[in-house]
Amino acid sequence: MAKTKTNTEDYLRMYRQMVRIRAFEDQANQLYLSAKMPGLTHMYSGQEAIAVGICEALTVEDRITSTHRGHGHCVAKGAEFKQMFCELLGKAEGYCRGKGGSMHIADQANGNLGANAIVGGSMGIATGAALTSKRMGKDFVAVCFFGDGATAQGLWYEVMNMAALWKLPVIYVCENNGYSEYTRTDEVVAGSLTARAEAFGIEAHKIDGQDVLAVNKIANELVARARKGEGPFFIELETYRYHGHHVGDINRDYYRTKEEEAEWKNVRDPITNFGKWLESEGITSAEELVTMNDEIRADAEAAVKYALDAPYPDASEVDAHVFVGVEHGLSYLDGAVT
Amino acid sequence: MAKTKTNTEDYLRMYRQMVRIRAFEDQANQLYLSAKMPGLTHMYSGQEAIAVGICEALTVEDRITSTHRGHGHCVAKGAEFKQMFCELLGKAEGYCRGKGGSMHIADQANGNLGANAIVGGSMGIATGAALTSKRMGKDFVAVCFFGDGATAQGLWYEVMNMAALWKLPVIYVCENNGYSEYTRTDEVVAGSLTARAEAFGIEAHKIDGQDVLAVNKIANELVARARKGEGPFFIELETYRYHGHHVGDINRDYYRTKEEEAEWKNVRDPITNFGKWLESEGITSAEELVTMNDEIRADAEAAVKYALDAPYPDASEVDAHVFVGVEHGLSYLDGAVT
Amino acid sequence: MSREITLSKAVNEALAEEMRRDERVFIIGEDVAEAGTPFKILSGLVEEFGTDRVIDTPIAEPGFMGLAVGAAMTGMRPVVDLMFGDFLFLIMDQLCNQAAKAHYMSGGKLSVPLVVRTNLGATRRSAAQHSQSLHALVAHIPGLKIAMPSSAYEAKGLLKTAIRDNNPVVIFEDKLMYQDKAFVPAEEYLLPFGKAKVLREGTDITLIATSSMRQVCEKAANMLSDDGISAEVIDPRTIVPLDEQGLLASVKKTSRAIVVDEGHQNYGITGEIASRLTEKAFYHLDAPVVRMGAMSVPVPFSPALEDLTVPSAVKVADMALRLCAGETIHAL
Amino acid sequence: MSREITLSKAVNEALAEEMRRDERVFIIGEDVAEAGTPFKILSGLVEEFGTDRVIDTPIAEPGFMGLAVGAAMTGMRPVVDLMFGDFLFLIMDQLCNQAAKAHYMSGGKLSVPLVVRTNLGATRRSAAQHSQSLHALVAHIPGLKIAMPSSAYEAKGLLKTAIRDNNPVVIFEDKLMYQDKAFVPAEEYLLPFGKAKVLREGTDITLIATSSMRQVCEKAANMLSDDGISAEVIDPRTIVPLDEQGLLASVKKTSRAIVVDEGHQNYGITGEIASRLTEKAFYHLDAPVVRMGAMSVPVPFSPALEDLTVPSAVKVADMALRLCAGETIHAL
Ligand SMILES: Cc1ncc(C[n+]2csc(CCOP(=O)(O)OP(=O)(O)O)c2C)c(N)n1
Ligand SMILES: Cc1ncc(C[n+]2csc(CCOP(=O)(O)OP(=O)(O)O)c2C)c(N)n1
Ligand SMILES: [Mg+2]
Ligand SMILES: [Mg+2]
């Protein structure tokens, strides 16, 4: 996926990808509100510039690990709406045959090693992928997405130490959206996040996570350097989640104000602001953007409809995929050769 | 245990305690070499100035947590030879009735919450003790001893974060003896240890661990400040272990040179150097020191003899202490009321 | 006087009562204060007891579990709030290598009076890392007591007992039962550990039901009575200690038993319970004790699959019918 | 051609052979390179394969376990060296929430071909945190395979099979057996998972022995033969998968069985194995299957106590005699 294309194309694709994420989440939220979605899910809306700015700097061979708030990463790394909605609804055509759902959506064909329902749970996985790249002489890099709350997990410090000692091509990307669940970040983070990475000898950057061009710029730079063996790196990005912690988190007044939410949505929205910039630069027109938005919304709606009508996995799949190469895990447990 | 005594007494007691640790370890090592000791044990010899310099700044109410290399901490916090040797030999009169042994020796009467055979395993315990002090309005502080290798455990970063957020009276004491088992510290520690603590907003100090006065000075200062609520703190102390990783680690050439060992023993020995200083200051004479050394060695030998003759715990104790308030854990498991 | 309250309310009451009674008791975990946990179980507690006793932590389970061990060793009585039972994997070292062993390793000098409150239960569409029932893991570790309340009544009585116990106790609440109501005395009460409760008397077969499986077995018993089968339903309440006498008395009476539990069946707790019954009631049994645990597969997200993995009333009733009909269940 | 080598050497050979065969195989853990582990098992490997494939880590078990999962997902085949089985508690999340579930959660897209090499076994005077036999914990987790070699021969053959398996496998070596020798073919061989091995034929009673308990049961069988009792000794070799057919064939023949294992008996693996046998051989059994696990207490340091906690040949032989004499073992 060598990058031989004009900036214009890059810019429009970044905009497009951000809109696709927003559209996906709007539909997912509707599915929940209309009681059509099994369980809960965590909306990425508001953080689009990060997933897109970073993943646009990656090739399909580059690996990412994602989080419980993972739809944005999944879309940005190249996933399709249909298989994603099928997964969220537990349908057989989902990326994980409906077995993983929103919190475990993975798309390894595009290098997405999966969302993770254990906060911080993928930090070792991303670092291990970087180990493979280095030991096997591949040139892919690994990007580990996680939230501000995940920095409390000791696992991060264990793997940063090894990544730094062994100069692994991994980039730790902290999406600091100001909250972990219902708790403000400053109540649970002592000192400085960038200093924590620097203490392991890891170069750290703090970036505005609402500015897709700024995110993409640092990503391009660090990904290139990581490929050359100059990694690991750490990026802290300041951002905000528009919805609640999950779709069911409706009344948020006890932990954050409506004003604060409005401020971010109205003044710092990554899509609106990037759209304005594209117009001001004459790269595109308001009309073109409206058309693009409408097309994408239509795509998303069509994908939802498709997923709602799609079949569930067959009951016989319940004990498939317990073990690689074993059709039915249960009979295998009894030593019955399969 | 208020400290109303002249410096001279302090100095002599510090010297005395260091010699007691050295004498204890020499006997323990002999027990191993003469095949009288069950299992293996880790010698503290060479690091005496740290345990003594720190513990001399503590009251009996102050708590410490110790490590697999814990004899020094145990002696320095006030333990007696007899019960210690009994414990190392698995005898009923041991501090833990022989059930813990060297790696789990505890002496809660003197505030020693125990050695730990899980590297880093006591970092949460020490921090939790500090939480008790603060929440229950006590004024004891907690000191957490651990080695350089233990800094790789994620648990440390998790508890430093909470200690810093809640200003807990805990002091993290890293005895950097240059090795973790058979690996040089610089091969497994990226960046800087003091910077790691500082990244959490924790004041950090790096001190010569072979200079008991320097250690005691910083300890007095930080303990006092921790009592006032100015903690937590971190101290990294440069030191060296004279023996192998454990008593069975005899051939060490493949990971460190005899020259290096000789250098530390001959030039930087904490006891020799402090003894010289005591003489030069006219606080004591060479003769007095020799007498003290002889007395202590005699004490240690007597304690060993006592422990060798002491009885093992009765077989009926094997399922005692499984549960508090239950005489026999096994029958209790079946719901039999005890 | 007794009133109907939810399991969630029962837990909240137990905590409030014990915190009023004993200032050493405190709660520590993620989003336990203002948020009152994602399940809203603790609502109101921080208002009454303040943030010093209802402590919000960073997302660091091994860390706050470790703090709890140290706090317990030095005189406090922590109640650790572990948001999902699946996170037990993160605290195993502090819970099993430290808390469970400290009293024994110190020859009785140290003790660790703490409670880990967590949950179990699938069919909530929460997928493989938020749906596990992992009580078998901790039940295996000497030094830990394990309670498994099966309704609001047990949840309150067992939690109060756990908080007063001088040992580490892990208590598993069924996260699908939080809104289920049961009669709970207005007066204070405690429930003893190691005493099973016969929930329904019967003569033909014994259904041993832990936690979430109580409702399943009670439903099954109703179905069975329509078929003229009298099933006894018994709840062990705690699996460590386990009330062998109580279970044996029932099994010796009925001569048939099914052990129903939501943990994975393979190497789960049903094997231990069935073995103990078989060893001590062998000559009273008309048929081998049958075990019905959750399917030994990671919990799937898809509703079409997830519901298949947990024992259901229909499946239990069917199995009981076959047993009572003298059918050999495990013919090879 | 066969020669006698130690279990330690057998493991070393298995690793060397597989690393030569497949460049994706590498070793990761603490002091595995120059030091060759505290047990000196890996001596010589770093010299042959270099520090890129025999990787010394910091003391960060959760961390390097996590790295191994990610490396396995992306095409390598890590062999994780976990110095003591007691440290399993530290890697449970990465092993059980991540490695064990990734293939299932991804609907078959991701796979995690890795091996965790660790150990079990008490009576080494290493106290409660260095003496545990924790295989029951991982055996309960769907997605993991569990091997328990009982001699150098099994250690080599099972480890080679484990390394070639495309799933996460945990293999427990008996740390007290590292210097014990056994006949091991000079030619390459693999041992299949899920196939038990009859170590000694017998007709009166079946002794099912895992790992360290093999020698105990073989000794017991010798003692028993002096008393005219013919004991069959059978080793499951892997407990996940478990060779039910093999064990049942033996038990149906002898009609009596004792399951002997070094894990704590309470909620350990003996309950599962005994239950499976009882369920499927009930009408062939003259007496309930007896379980002999390690005492359910933390492992004490004192030699006077520690030896009491593990099943011994004398105790097993005595139990077998009583069983064969028709004595009711668990009379209440
Ligand atoms: C180990 C673990 N602890 C707790 C949880 C419950 N939980 C899910 S998301 C979350 C907050 C995560 O905050 P952050 O890392 O900032 O990500 P964000 O939700 O803000 O994107 C918590 C506590 C979990 N899933 N895993
Ligand atoms: C969790 C854990 N991992 C590994 C070990 C094995 N081990 C015992 S001591 C040790 C080295 C510790 O090094 P350090 O912390 O520097 O202490 P030192 O031995 O130098 O005093 C190791 C790896 C252990 N006991 N616990
Ligand atoms: Mg956040
Ligand atoms: Mg060291």
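Chain A is the first sequence line, chain B the second, and so forth, proteins listed ahead of strands; every chain is numbered from 1.
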*Which atoms form the tightest heavy-atom contact between Phe233(B) and Leu222(B), and what is the distance?*
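For Phe233(B) versus Leu222(B), the nearest heavy atoms are CE1-O, 3.6 Å.
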
_Distance-minimising heavy-atom pair for Ala219(A) and Gly53(A)_ =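 For Ala219(A) and Gly53(A), the tightest heavy-atom pair comes out as CB-O, 3.8 Å.
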
*In terms of side-chain heavy atoms, does His42(A) have a donor or acceptor partner in Ser102(A) at a distance below 3.5 Å?*
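His42(A) vs Ser102(A): no donor-acceptor pair found between side chains.
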
_Check: Glu61(B)/Thr59(B) side-chain N/O donor and acceptor closer than 3.5 Å_ =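 Side-chain D/A pair, Glu61(B) to Thr59(B): present.
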
_Electrostatic pair Glu175(B):Arg241(B) at N-O distance under 4.0 angstrom_ =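 Salt bridge: no.
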
*Can you label the angle between the Tyr182(A) ring and the Tyr254(A) ring as parallel, tilted or perpendicular, going by 30° and 60°?*
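Geometry flag for Tyr254(A) against Tyr182(A): tilted rings.
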
*Hey, is the main chain of Asp148(A) close enough, under 3.5 Å, to the side chain of Asn177(A) for a donor-acceptor pair?*
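No; zero donor-acceptor contacts below 3.5 Å.
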
*asked:* Donor-acceptor pair, distance only, cut-off 3.5 Å: does the side chain of Tyr157(A) make one with the backbone of Ala197(A)?
replied: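 No, because the side chain of Tyr157(A) does not come within donor-acceptor range (under 3.5 Å) of the backbone of Ala197(A).
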
So which residues of [range] are in contact with chain B at a heavy-atom cut-off of under 4.5 Å?
{"range": "residues 131-147 of chain A", "answer": "none"}
{"range": "residues 185-196 of chain A", "answer": "Asp186(A), Glu187(A), Val188(A), Val189(A), Ala190(A), Gly191(A), Ser192(A), Ala195(A), Arg196(A)"}
{"range": "residues 162-172 of chain A", "answer": "Ala164(A), Leu165(A)"}

*Got a second to check how far Asn112(B)'s CG is from Cys55(B)'s SG, nearest 0.5 Å?*
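Reported value, rounded in 0.5 Å steps: 8.0 Å.
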
_Any residue meeting side-chain contact (heavy atoms from CB on, under 4.5 Å) with Val212(A), in chain and number order, not counting sequence neighbours_ =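 Expected list: Met14(A), Met18(A), Ala49(A), Val52(A), Phe274(A).
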
